[in-house]
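Here's the structure we're looking at; comments come further down.
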Amino acid sequence: MVLSCFGVGLVARTGSLIISSMLLKRIEETEQHLRQFIAQHFGVELKRLTVETPPRTEFGDLAFPFSFELAKTLRRSPREIALQVAENIETPPHVDRFVAAGNGHLNVFFKRVAFFRDLHRWLHSPSAEPSGEKVIVEHTNINPNKAAHIGHLRNAALGDTLVRLLRARGCRVEVQNYIDNTGVQVADVVVGFQNLRQMSFEEIQSIAEPFDYYCWDLYAEVSKWYQEEESRLKFREQTLQEIESGEGPIPQLAEYISMRVVFAHLKTMLRIGVRYEVLPRESEILSMKFWQEAFQRLKDKKAITYQENGPYQGCWTMQVPGTNGQPDEEKIIVRSNGTVTYVGKDIAYQLWKFGLLGKTFHYRPLCQYRGGEVTLHTHGSPNEDTVWLTTTEPSPHTEPDFGRGQRVFNVIDVRQSYLQRVVVEGLRRLGFSNEADRSVHFSYEMVALSPACCSELGIELSEEDRRKPYVEVSGRKGLGVKADDLINKLFEKSLEEVNARGKALTLKQRKEIAQKVSIGALRYFLLKYTRNTVIAFDFSEALSFEGETGPYLQYSVVRAHSIFRKLEADDSEWNLSIWEKECERMWEQPNSIAELLEDNELWSLLLQAARLDEAIDQTVATLEISHLAKHVFNLAQQFNLFYHKYRILSESDPIKKCFYLTITDTARQGLLKGLDLLGIPVPERM
RNA sequence: GCGCCCGUAGCUCAGCUGGAUAGAGCGCCGGACUUCGAAUCCGUAGGUCGCAGGUUCGAAUCCUGCCGGGCGUACCA
């Protein structure tokens with residue numbers, strides 16, 4: 001049985017020990033119970049009930065506003081309906097009581113002790129093995145001609161977090177990073193080396209690291225050089241054609257440059273915990289005739305038409321339906337000189353991703369992830385830590401079965417929405433409307449530079465730019481914050497903070513902590529905004545470790561950790577193993593803690609921890625990762641509140657102590673699961 | 001021009017498929033470390049949810065118009 005990871009969030013596998021959902025299951029059962037009651041007593045079949053979170057814990061754990069809806073058809077007041085339901089409905093096993101609240105909400109109170117016990121077990125149960133449909137996530141996709149910048153970090157952080165979420169939902173996920181190694185941008189850097197630097201291949205090879213930084217400057221230089229004298233663009237044309245031909249020294253140089261830059265990107269991205277499984281390259285799409293195959297099909301299906309005259313004379317174009325009742329537009333797929341546009345190649349690539357092309361690549365191992373580093377693959381057999389590269393010839397290794405996804409996510413910024421629509425329309429016109437529907441443009445807004453950031457970088461702005469609220473990053477102009485620079489800066493600041501605190505730690509330990517803190521700060525910063533918010537990058541905000549930041553979240557877990565560390569080191573009668581035993585006893589005698597759980601502050605902390613599965617569900621449904629970030633932050637806030645208010649280790653009543661410890665552990669596990677999904681590492685201390 | 005997105009506290013942003021008194025963080029001001037770690041916590045002040053209509057029992061949320069801003073709309077990607 002193939003389970004979709006996109007339906008309602010129940011990935012339950014009967015007979016397994018995995019408890020795959022906590023709150024969602026209860027919500028669904030309660031909703032069903034209510035629907036039945038409504039059908040029986042009011043004769044109204046409601047398809048789905050809206051479920052809300054009451055504004056205050058005292059009001060209940062769930063709120064159902066259906067009475068307002070029923071009021072019309074029943075011609076009775078919502079309050080009256082809610083009261084009737086609350087008085088007459090039976091309570092399902094997990095519910096303590098139903099209450100009519102406010103002007104007509106029907107609120108639900110769970111049985112707290114049983115809930116707490118299940119929650120604690122749920123958070124300790126292992127996550128499900130991937131068994132659902134195969135999903136391909138393509139992200140990062142940086143032109144391999146310059147260093148990565150903050151915009152690319154947002155892409156990779158979002159893509160990587162999406163991957164983690166989908167895996168948590170039971171999907172089999174394949175991570176692809178497409179390499180446009182034969183495009184204009186690589187050609188431009190080749191032109192830079194040849195015409196501006198006039199360097200030999202050997203000289204280029206001996207350029208010291210960071211090579212991607214070198215190219216960053218060179219690319220900006222070449223762009224300026226073109227601008228000074230437009231006729232110089234002929235060098236780009238010439239170089240591009242030579243690269244596409246694949247023969248001679250120019251393609252070899254382009255290959256060297258692009259792969260060296262790709263390797264730099266892999267290193268940069270690994271620093272923030274991002275990994276890939278396969279790097280499909282444009283050069284193989286061309287040389288393995290993927291495009292020719294797609295082109296033939298597009299012609300056969302009359303998906304594209306040859307323009308005999310008009311402005312697009314000599315081109316092959318596709319008719320793209322206009323949005324919102326606008327007239328259709330013609331998009332050029334093949335230029336009048338016979339070369340294919342990026343979109344054309346993307347259609348071929350997209351077909352391959354779904355296994356619809358009838359062709360596939362060969363692969364060879366390119367790199368290995370090992371011990372927190374990425375190194376070029378030189379020997380040994382490939383494994384799950386291998387990054388594969390597409391090749392034209394078979395490699396001696398057993399090649400993985402990449403592609404053939406059942407669903408595809410393309411993580412690309414919103415400015416490419418139009419082109420993504422063209423690609424999807426291509427699938428549709430080839431008769432693959434099912435795949436077209438399962439091809440998702442996971443879009444997000446750009447990262448721009450705030451005016452403050454520009455002045456900090458010493459960037460002189462034009463009169464026009466100065467009037468704008470923010471300035472777009474531009475590789476062409478060399479305008480931007482390089483990813484490694486930002487990560488380095490974050491690391492330095494983290495180390496300062498760690499040094500100011502952990503005096504007893506070795507330098508190596510302090511560096512490890514600082515590294516985790518810097519990643520936590522960066523990833524949370526990139527993930528906390530909703531996708532369609534333009535991030536106007538600001539150093540002071542990105543470098544903040546206080547308030548709603550990654551380090552705040554890490555700190556709350558570290559506090560919980562330290563309690564258990566102290567407990568473990570305690571040589572008195574009350575240590576870690578006693579707690580575990582007491583904990584079992586506690587569940588067997590629910591009355592002992594029932595009274596303690598009446599405290600609404602403690603209860604809402606537990607409820608928040610339980611909402612994790614709901615948050616994951618919501619996040620995947622809306623593809624809004626900031627939602628999960630906010631959830632984890634709220635949990636951390638509630639935990640800090642609890643931590644501040646209750647003395648745990650010094651509690652003299654053994655029942656209370658056990659109870660508080662279990663709450664701490666519950667919050668800690670909830671935080672750890674959430675942070676893991678966000679790709680935020682947690683140090684043991686900080 | 002047309003399309004997409006945005007406009008919520010001084011600043012940066014949340015606000016789930018319409019629901020109870022619009023929330024955080026930062027900043028400001030004032031408190032809390034001989035205590036499980038102060039990268040923390042508590043409190044005060046701060047909002048015509050851009051404007052005007054409409055739909056609804058109910059609108060920051062949906063619809064229409066306007067104002068302001070951003071991005072697309074290339075034989076670039």
Side-chain angles (χ1 to χ4, degrees), chain A residues 48 50-56 59 63 65 68-69 71-72 77-78 101-105 107 141 143 180 183-185 311-315 317 322-327 329 331-337 339 341-343 346 413-419 443 445-446 448 450 468-470 472 476 494 497-498 500-502 517 521 528-530 532-536 538 540-541 544-552 554-556 558-560 562-567 614-615 618-619 621-622 624 626-627 629-630 633-634 637 640-641 643-651 660 664 685-686:
Chain A
R48 219 183 62 208
T50 304
V51 192
E52 289 162 13
T53 305
R56 298 167 65 167
F59 296 172
F68 298 100
E69 208 178 323
K72 258 175 294 179
S77 83
N103 294 324
H105 281 85
N107 291 3
N141 193 355
N143 263 302
D180 184 6
V184 181
Q185 297 209 17
Y312 295 155
Q313 188 176 17
C315 296
T317 63
T323 47
N324 209 8
Q326 291 304 305
E329 299 172 46
K331 172 69 195 167
I332 292 169
I333 304 297
V334 179
R335 305 184 186 99
S336 56
N337 67 3
T339 56
T341 59
Y342 181 85
V343 200
D346 215 12
D413 82 68
V414 72
R415 288 169 294 185
Q416 295 203 39
S417 295
Y418 174 65
L419 295 179
S443 73
E445 264 291 358
M446 61 180 168
S450 70
K468 291 186 173 183
Y470 44 75
E472 258 188 272
R476 203 170 292 279
S494 307
E497 298 285 336
V498 175
R501 292 155 227 259
V517 169
K528 74 172 176 180
Y529 299 95
T530 51
N532 52 18
T533 298
V534 178
I535 300 180
D538 187 274
S540 67
E541 272 177 54
S544 167
F545 296 160
E546 284 165 19
E548 197 195 336
T549 65
Y552 175 91
Q554 293 168 318
Y555 184 63
S556 51
V558 164
R559 283 175 138 183
S562 73
I563 285 178
F564 286 97
R565 197 171 49 238
K566 288 247 158 90
L567 191 67
E614 194 191 34
Q618 189 72 233
T619 303
T622 58
E624 197 58 83
S626 62
H627 191 267
K630 275 286 189 294
F633 172 65
N634 288 333
Q637 269 189 317
N640 276 325
L641 181 65
Y643 178 91
H644 189 258
K645 212 164 168 180
Y646 293 83
R647 303 287 97 169
I648 298 157
L649 290 175
S650 57
E651 175 58 56
Y660 293 151
T664 307
R685 53 185 85 198
M686 63 191 271

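Computed over heavy atoms, backbone and side chain alike; hydrogens, waters and symmetry mates excluded. Each chain gets a letter, A, B and so on, in the order the sequences are listed, and its residues count up from 1.
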Base, sugar-phosphate, or nothing: which does [X] touch, judged by heavy atoms less than 4.0 Å apart?
X: Ala101(A); answer: base
X: Val414(A); answer: nothing
X: Glu651(A); answer: nothing
X: Pro311(A); answer: base
X: Asn634(A); answer: nothing
X: Leu641(A); answer: sugar-phosphate
X: Ser417(A); answer: nothing
X: Ala621(A); answer: nothing
X: Tyr529(A); answer: sugar-phosphate
X: Lys645(A); answer: nothing
X: Gln185(A); answer: nothing
X: Val558(A); answer: base

Inset, instruction - Answer yes or no: side-chain N or O of Arg56(A) and base N or O of U21(B) forming a donor-acceptor pair under 3.5 Å. - result: yes
Legend entry - Donor-acceptor pair present, Ser562(A) side chain and C36(B) base, under 3.5 Å: no
Closest to side chain of [X], choosing from [options]:
X: Asn107(A); options: C5(B), A20(B), G70(B); value: A20(B)
X: Phe59(A); options: C75(B), A20(B), A39(B); value: A20(B)
X: Pro54(A); options: A20(B), U73(B), C5(B); value: A20(B)
X: Lys630(A); options: A77(B), A14(B), C36(B); value: A14(B)
X: Glu472(A); options: G19(B), G72(B), G37(B); value: G72(B)
X: Phe68(A); options: G15(B), G19(B), U73(B); value: G19(B)
X: Glu546(A); options: C71(B), U40(B), G69(B); value: U40(B)
X: Thr533(A); options: A14(B), G37(B), C42(B); value: A14(B)
X: Tyr643(A); options: C76(B), A39(B), C36(B); value: C36(B)
X: Lys72(A); options: U40(B), A20(B), C57(B); value: C57(B)

Paired with [N] by Watson-Crick or G-U wobble geometry, both distances under 3.5 Å: which nucleotide is it?
N: C29(B); answer: G43(B)
N: C71(B); answer: G3(B)
N: C66(B); answer: G50(B)
N: A14(B); answer: none
N: U21(B); answer: none
N: U61(B); answer: none

For nucleotides [N] and [M], find the distance between their [atom1] atoms and express it as a whole number of Å.
N: G72(B); M: A77(B); atom1: C1'; result: 13 Å
N: G7(B); M: U61(B); atom1: C1'; result: 14 Å
N: C2(B); M: G10(B); atom1: P; result: 34 Å
N: C41(B); M: G25(B); atom1: C1'; result: 15 Å
N: C28(B); M: U17(B); atom1: C1'; result: 39 Å
N: G3(B); M: U48(B); atom1: P; result: 33 Å
N: A14(B); M: A22(B); atom1: C1'; result: 11 Å
N: C13(B); M: G27(B); atom1: C1'; result: 14 Å

Hey, is the main chain of [Y] close enough, under 3.5 Å, to the side chain of [X] for a donor-acceptor pair?
X: Thr619(A); Y: Ala615(A); result: yes
X: Asn107(A); Y: Phe59(A); result: yes
X: Arg559(A); Y: Tyr555(A); result: no

Respond yes when some side-chain nitrogen or oxygen of [X] is under 4.0 Å from OP1 or OP2 of [N], and no when none is.
X: Gln637(A); N: C41(B); result: no
X: Tyr418(A); N: G72(B); result: no
X: Arg335(A); N: A77(B); result: yes
X: Tyr342(A); N: A77(B); result: no
X: Arg559(A); N: A38(B); result: yes
X: Asn532(A); N: C6(B); result: yes
X: Lys566(A); N: U35(B); result: no
X: Lys331(A); N: U73(B); result: no

Inset, instruction - Report yes if the side chains of Lys528(A) and Phe633(A) come closer than 4.5 Å at any heavy-atom pair, otherwise no. - result: no
Inset, instruction - Could you check if a side-chain atom of Val498(A) sits within less than 4.5 angstrom of a side-chain atom of Met686(A), using non-hydrogen atoms only? - result: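 No - every pair of side-chain heavy atoms lies 4.5 Å or more apart.
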Legend entry - Spacing of Gln416(A) atom CD and Asp346(A) atom CG [to the nearest 0.5 Å]: 8.5 Å
Between [N] atom [atom2] and [X] atom [atom1], what is the distance in whole Å?
X: Met686(A); N: G37(B); atom1: CE; atom2: C1'; result: 10 Å
X: Tyr555(A); N: C36(B); atom1: OH; atom2: C1'; result: 11 Å
X: Glu52(A); N: U17(B); atom1: CD; atom2: C1'; result: 10 Å

Atom [atom1] of residue position [X] - does it have more than 12 heavy atoms of other residues, nucleotides or ligands inside 6.0 Å?
X: Asn634(A); atom1: CG; value: yes
X: Arg335(A); atom1: CZ; value: yes
X: Glu624(A); atom1: CD; value: yes

Legend entry - Shortest non-hydrogen contact from Val414(A) toward Ser417(A): O-OG, 2.7 Å
Legend entry - Syn/anti state for C33(B) [syn: chi within 90° of 0]: syn
Inset, instruction - Hey, which sits more toward the 5' end of RNA chain B by its nearest nucleotide, Phe633(A) or Arg415(A)? - result: Phe633(A)
Legend entry - Residue mapping more 5' on RNA chain B - nearest nucleotide basis, Arg647(A) or Ser626(A): Ser626(A)
Legend entry - His105(A) over G19(B), stacked by centroid distance under 5.5 Å, angle under 30°: no
